Structure formats: structure tokens, C-alpha cells
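The chains referred to below are lettered A, B, ... by the order of the sequence lines, with proteins before strands, and numbering in each begins at 1. The structure displayed is predicted, hence computed values, not measured ones. Just so it is clear, the values below take in all heavy atoms, side chains as well, and ignore hydrogens, waters and symmetry mates.
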There are 2 protein chains.
Amino acid sequence: MTAALSVAAVSRWHHECDVLVVGFGGAGACAAIEAARAGARTLVVERASGGGGTTALSTGVCYMGGGTRVQRACGFDDTVDDMVAYVRMAAGSGCDEERIRMFCEGSLEHFDWLCERGVDFNDAYEPEKTTHPFGEECLHFSGNEAAYPFSDKARPVPRGHKPRRAGEAGAYLMQVLNRAAEDAVAEVLYDCRARRLVLDDNGRVVGLVAGHEGDEIAVRADRAVLLCAGGFIMNDALLAKHAPLLLECNYKAGSPGDDGSGILIGQGGGADAINMSEGLVLNAYYPPGSHAKGILVDANGHRFINEDAYIGRASEAMLRSAGGRAWLIVDNELWGKTQVPHRLAGVEETFADLERALGMPQGELVHTIDVYNRHAASGVDPLFHKASEYLRPLQTPPYAALDCTTSGSIYGALTLGGLATNARAEVLDRDGRVIAGLFAAGRNAAGLCRQGSTYASGLSIADATFFGRVAGRVAATGNW
Amino acid sequence: MTAALSVAAVSRWHHECDVLVVGFGGAGACAAIEAARAGARTLVVERASGGGGTTALSTGVCYMGGGTRVQRACGFDDTVDDMVAYVRMAAGSGCDEERIRMFCEGSLEHFDWLCERGVDFNDAYEPEKTTHPFGEECLHFSGNEAAYPFSDKARPVPRGHKPRRAGEAGAYLMQVLNRAAEDAVAEVLYDCRARRLVLDDNGRVVGLVAGHEGDEIAVRADRAVLLCAGGFIMNDALLAKHAPLLLECNYKAGSPGDDGSGILIGQGGGADAINMSEGLVLNAYYPPGSHAKGILVDANGHRFINEDAYIGRASEAMLRSAGGRAWLIVDNELWGKTQVPHRLAGVEETFADLERALGMPQGELVHTIDVYNRHAASGVDPLFHKASEYLRPLQTPPYAALDCTTSGSIYGALTLGGLATNARAEVLDRDGRVIAGLFAAGRNAAGLCRQGSTYASGLSIADATFFGRVAGRVAATGNW
């Protein structure tokens, strides 16, 4: 942690504002817009030379529902209750009901709010299984909605909303939000690195000390400091301490700012950090969606999960159940190029040859395929309950094994632990009491998404932007 | 956390000592003995009406090696280096090399020290696979030493040492240690519940406030307070926050004192709590050792681990890989009564009937058995690498399935997270700095054993007693 400074030690305030936002990514931009719109003098500090944060490096998918304009235009019914039922599972263990309800009940309005800021969403649906559409289509199934066991427990509805840009849309999303924020706030200080909170004698947060262009500056915040400075995937020491499994992943899905400094600064102000062992792991074996019709096997040639699960759920199983030794088996019809390239570990005319090439115990992959094919021909998967639309016998040689091992493929990871907050985005101490004057949102907080194995694409951005707004408005007005 | 009190707020010290030990279990008793022997005026406070703590409820097995008298008498060579190589794996991710070396280099002396206190160990070896011998035999393989993949990486040597008592020996062990401590220390206050630390203006720990027989008392500790008050398996709220997987276990392996209060009190003094998500999970499908010759299968009838693994490792796989739905399959020759009873989920004359009775997909258990038996007949297990001495075809009907599901059997659990300490048992704050005057040992600390999936029986008691001693001596003299 980074100890807070006593206000008595501050000799001069270089800047003064009502609401100080630390970090200008998805959470910080939305927080700043709401605070400024509510009339607060709002200042943003950002350590990089421009805004965007990790959201700008992402697909830009935002998880929204309850009957958005796009959902309706594409012919999907959705309700708040259906969304609550699914998000409760997707948020994972430890997320509170109040936060889940607030998020789902506010989702329609959040969609409209993003549109009003200028974010463009296309009224088009992408039916192929994907983490995000490659084209300009907006709506898609971005999580486990249609996959076992989730599909049994909540009516499947697509809620992934990608802004109207081909490919990755995060940079576009953040251009719009950063510009809207810059127009609304008093000032944005770039190249300004937050260092520590300033507390008054009652433990209330009243400002921040930061490094700015070589100088140390103190910023007074009359109402609140909002920590929106990202997670800690870039900090190996913190990962080793809290989430060692993520160190097995060779691609850090974050920006340089995700070094945990926002969490450490909050802890220095008395905040609790929770859920620190959880993260999202991503080995993108699809798209192409046809790959969900293949099978994932471990080093014994055995399946271990329904392959139509969201890649975060499947990838965590690849790490935990398969011990980081997994392969995707496809036939010639299913094979396609993955966006994050996968090496071919073997291509053979028979499964017997393929299991030999992969060094698997003799007969095991062959048995796995026999059983899978026999059931798939009947449209069922009694072992792992893959949905029937992804069931088809693997019977068109040659057969290929895509290398999904930790040593041979790309495992992305991001952290899901951070400062403890309530549903108003107020930061809590280790006894669960609100720390006056301190808020957190985005991956700086342990927010809506608590568990990698249940996560859906777009949940983190939705959490960051929605609860960033909550932080901004509550900080400025006391109410959401 | 439980906020510390400023020394200025203490109007009267009801007791004064050099070293105050909180908790009179394995860690506290050994800490008290060492502190008193080093000349410190030593006081113990214990919330129960007698000593023993969780160690008294245990098997009493202590993990020791390097060539103890018992190891030599039973014909086993052991060296510090062999022990280091194994303990490094058994301690698990996050344990520091200094602590591992200190523990292993001190292990021979620790054995002798326990003997000198009056703990009796029998120079006899129990060859059957067990978590602890039922008879008075002392030495046994108590962990994964002889199991894959550990056996490939360190020379297997038995290091579980059970005191000379039939059945569970923890109560006997603690009778001896508690009596030795009572003889050595100035005073033991029973029915005395620690509430909060007392800090001076520099943040140094100088005492403790406790509840004692209806009154609140303050105890001055001129040198140090030693927190040896156990883990948090009895605190569901803390489990939900830090280690939700342990809530799936239906038996809490602890005493009422394991409510996390020692950890919360330490945090209130500025301490960091680490490794809080880790725990040990125990479904005791052996002894009898013959059960390691059976196979564990999931709801698909598939194996998922080498069954000769230590039950902690296997049980965590039952939870994580098998999703809490696991069965042990044995034939009529292997079946025996487990100490913690297991319900028979099915008994049939054929494996086809058994898989039907268990509701498994048709043909899967049959295939698993076919493959297992074929290889076992040759003394190999190419799939999960069980050691050859546990490989034998399952071919003597009837065949039985022992219910090892979370809903149908006993899953014990204890926590492995606690206060951050260095190898001198000094407690650290969140920046890794020593908190003056504060030590912790046993499950109150995140000590030597960090990971349930690598744990060995006796590691926790060895950690508690050894680093309890370290805490006592360093607190009293400044040196180990």
C-alpha cells in the first residue's frame, strides 16, 4: 500500500476541485462526465499522455440488456428479471444482490446514456459464436447465456453490445467518452501520476498528491476522490502474492497503468482490497464459431468442458482441470484461423495417428471421439451438455489439433480484485464502513464481475462505465 | 478488522509481562515455552477454559525429517536437502525459501526438542497408506512424497511423525506441551478473550485488551505480543469473503477459537493478511490404504487424479475438477471401512450395472475400468501415473461406489491464510515492513503451508510448533 498523507503536511494546494477523478479510462471518463453534469467542479488526472486506459485497448463490448433499442430491433425480448437471473450467475461468488439489481435495472438507461454521449450502435445481430463481431454488427451472445449450465437457469438472450466499428471498437468507444468528458470537466491533467491520498484528521479523503511533469503537486478535492486507475495485471509481485495462477498466462490484457497503484493508494487511505485472487483467463480458440463444434481435450485425450462455454470459462478449465495442457480438436470442415493465432500441434488422417502425434495414451482420444461422434449424431452431449447447435460428428479428415497449451499459445489475463465498494461505489474499509470522500470504479474496485469462470465479454466495461457514472453522480450529489 | 487502541487510552495495566502469548494451542504453547526459557516474563491468554486449541483435536502428526531418531531406527535415510526439495513443493506457491530452509534445517533439533519436552515417539514405521497410523506406530508417508508428480522431483522419504498414542494423538501432544508451558511461564489466564492490540505513538505493539471473566483487562507486554489464536474456518462471513470454496465443505476442522479473531486483531494493528483464499480440503477415502488401489471417478465415470495422492490433493480435485461429484470405485477385495464413514452409493455385480446405478453416461465407467485394468495388469498408469504398488485390476465382484460427493460425504476444511510474517515470525504490514512488537504463528499466520493441493499431514502442526518456538525465542531475545 501507499500510505496516505495527513492534510497538515500539505503546504500548498496546486489545484482545487469538488471531484477529483484518478484515471481516464472507461470508468474515469464516465465518472467525470456525471460529476461535471451534476454541477461539480471536476478535475481528472491521468498518468498517460492521453485518455482511454485499458478500455481503449479492448473490443469495446458493453454488456447491456433489459430490452435495448438494438435488442428490440434484432427481435430479442429481454427483461430486467431475465437479466438479473443471468447476471447473478455471471457476476459470480461474492457479488451483492443490490449491485446486481442496480446494474440490471439501470442498463436500459445506460444504453441510452451512451448513445446520448455519441456512441453509435448498429441495430444488427451477429449470430456466429464470438467474443465480439469482426464487422460492424452490434448484438451478440458474449457469455455463457446459451451454454450449459447457465442456459438451464436463465432464458438466453444476447446482451453483448459492440459499438459500430469493424474489428476492435474500444478505441472508438473511448474517443467518444474521453471527448465528452473533456468537454464537460474543468480540466484534465495528463502525464500526472497519482501517488497518495490526503486525509484530514477524521480520516476523510480531502485530496491527492501526484507527480506532474517532474513536480509533486497537491490537489484539493472538496467532495471526493474517485479512484478509476485500473487493475494490477501489470504487477507481477502483486500477482505472485494474490493471484499466482494468472502468472501462468503469457499475455497481460491491460495498459501500463494496470500496475495496481490505484489499489495500493486506496489501501493507504484505509480501504480494504478484496477478491484479489480472482482473474479472467482467455485463450481465444474461437472465433471462428465453428471451433465450438470441435472438442477440447487434455493430455489424456479426455474432454473436460462444454466447448460452447464462453472462452473465459473454458480457458480457466484449461488451466485448472487440464493443467495448462489442452488442445482443440477439429476436422477439416471446422478448422479456421483464430484471431489470436494458434499453432497446429498435429494434422493427421486418423484420430489414432493424431493421438500418437500428440503423445496421448493409446486409444483414449479415439474413445473420446467415438463417444462424442456417436452422441453428436443424435444431437446430444450427455457428458458435458454442449448445446445441440454445436454438435456434429468430427468425420472429415484431415483432423487437426490446435495447440492451446500454456507453453504454446496465448493466454490473456486480467485481474478481478480491487478495492471493496458498496453499490454506490463508495470505498469500504476492512470493517465494511464507508471511507468518507473516497470512491472507486472499474478494475480499481472489486465490482460487478467477481469470477473468471462465470464472466461474459463486456461485463467489465459495463461495470466500469455504469459504476463509474454512479461514482461520479453520488460523489457530486450524494444520490444516484 | 478490530481496531487497535492507543496506549494513551489505557488507564490501568492489570497485568504486565515481557512476552504475551495469545492462544494456547500448538503454536502458543511452544512460543510460551521458548520465551520463558529465554528468561522473558511470559503470560498466556486463552479464551477456552483449557489449553490445546485445534492441535488437540487433530491426529497430532508433526512433519519432521532430515534423519530423526525414528527415521534412522526404521531404516530411512533422510537429508536436509531431500527435505527442502520436497517441502518446497509441499509448502506451495508463495512460500519463501528462507522459511523453508529454516524449517528443514531446524527439523532434527525440533524433533529432539519435542522429545525433551516429554513427547514420546515410537521407533516404528507404519507401511500402510494412511493420514496417520491407527496404532502407536510413529513414522509414515503422510503426504505426496511417493506420489506423482512429487515422487519424480524429490527422493521419497516418510516424515509424518505421530506421537505414541493409538488413534488420534493430538490431545496427548497438547497435554505434554501445555503442561511444559504451564511449568515454564509466569501465568496462564484461561477464559480470557483477546479483543484488540494496544499501540504506542510510533505504532509499536505494547499490549493487549482482553475480556476476562466478565471484565475488560489490559495487559502490558514490554517486548512483544504473539498472536497464536488460530485460523478462520469457523467464520462463515470471512470464508464467504476470502475462500468461498471452503463453504462447500460440511465439516469445519477447527476449534471454536478458529473464528479469525486473531487475524482481525492483527489487522487492527496494521498487519497484512495474505493467502486468504487458500485452504485444505479433506475427504478421507483412505485409510484403509487398499482404497488407494481403487479409482476416483467423476459424474461422467472418468478418473481425474492419481488416487495415491495425499487426500488433501485428491479432495481439492474432487471439488474443482469433479465439481464436488466424485465416487471411489473398489472391488470386493479392496473395500474396507473408512474412518470417516462413506455411504455406499451403489453395489453391483458388473461395472455396466454400477454406472447405470450411478446415473453415469452409458459405457464411460466401463471404458474407464477397461483401460485402467488393462494397464494396471502391466503395473502402469499412463493416464494419471499412480505408483505401481497401488495398481491392480478391479476384478473381484461385487463392485462398490463410495459416495464422495459434497452432498453425500464428509468434506473437512481448514484455512491456510493469515497474517503476513517473515521467517522470524515477525508480523508484516501491507508494505512488507515489520510491525514492532508483534509476532504470529500457527494458522493465525500465513506460514509454511500455503496451498491445499500440495499439503502433507503434519505440515500445519510442524509449522505451528516450530515457528511458534521461533516467535517465542525471537520475541524474548531478538534472535533465533
Quiz item: Is it the backbone or the side chain of B/Arg433 that comes under 4.5 Å from a heavy atom of chain A, or both, or neither?
Solution: neither
Quiz item: In terms of heavy-atom contacts, does CG of B/Asp201 have more than 12 from other residues, nucleotides or ligands at under 6.0 Å?
Solution: no
Quiz item: Should the heavy atoms of other residues, nucleotides or ligands under 6.0 Å from CD of A/Glu97 be counted, would the total exceed 12?
Solution: yes
Practice problem: Fit a plane to each ring of A/His367 and B/His367, take the angle between them on a 0 to 90° scale, and name the class: parallel (under 30°), tilted (30 to 60°) or perpendicular (over 60°). | Solution: parallel
Quiz item: Taking all atoms of both residues into account, what is the closest heavy-atom pair of B/Asp431 and A/Thr2, and its distance?
Solution: OD1-N, 4.4 Å
Self-check item: B/Asp429 side, atom CG; A/Gln267 side, atom CD - distance, nearest 0.5 Å
Solution: 11.0 Å
Practice problem: Name the member of B/His302, B/Glu278, B/Glu364, B/His242 that forms the most heavy-atom pairs with chain A at distances under 4.5 Å. | Solution: B/Glu364
Quiz item: Do B/Met360 and A/Leu383 have side chains that get closer than 4.5 Å, going by heavy atoms?
Solution: no
Quiz item: Which atom pair, heavy atoms only, marks the closest approach of A/Lys241 to B/Arg430?
Solution: NZ-O, 4.1 Å
Exercise. Return the minimal non-hydrogen interatomic distance between B/Pro382 and A/Pro361, and the atom names on each side.
Key: O-CG, 4.1 Å
Quiz item: Near A/Arg325 CZ, under 6.0 Å, is it more than 12 heavy atoms from other residues, nucleotides or ligands?
Solution: no
Exercise. Give, for atom CZ of B/Arg374 and atom CD of A/Gln362, the distance between the pair rounded to the nearest 0.5 Å.
Key: 6.0 Å
Quiz item: Of the backbone (N, CA, C, O) and the side chain (C-beta and beyond), which part of A/Ser93 lies under 4.5 Å from a heavy atom of chain B, both, or neither?
Solution: side chain
Quiz prompt | Proximal component of B/Ser277, with respect to chain A [non-hydrogen, under 4.5 Å] | solution = side chain
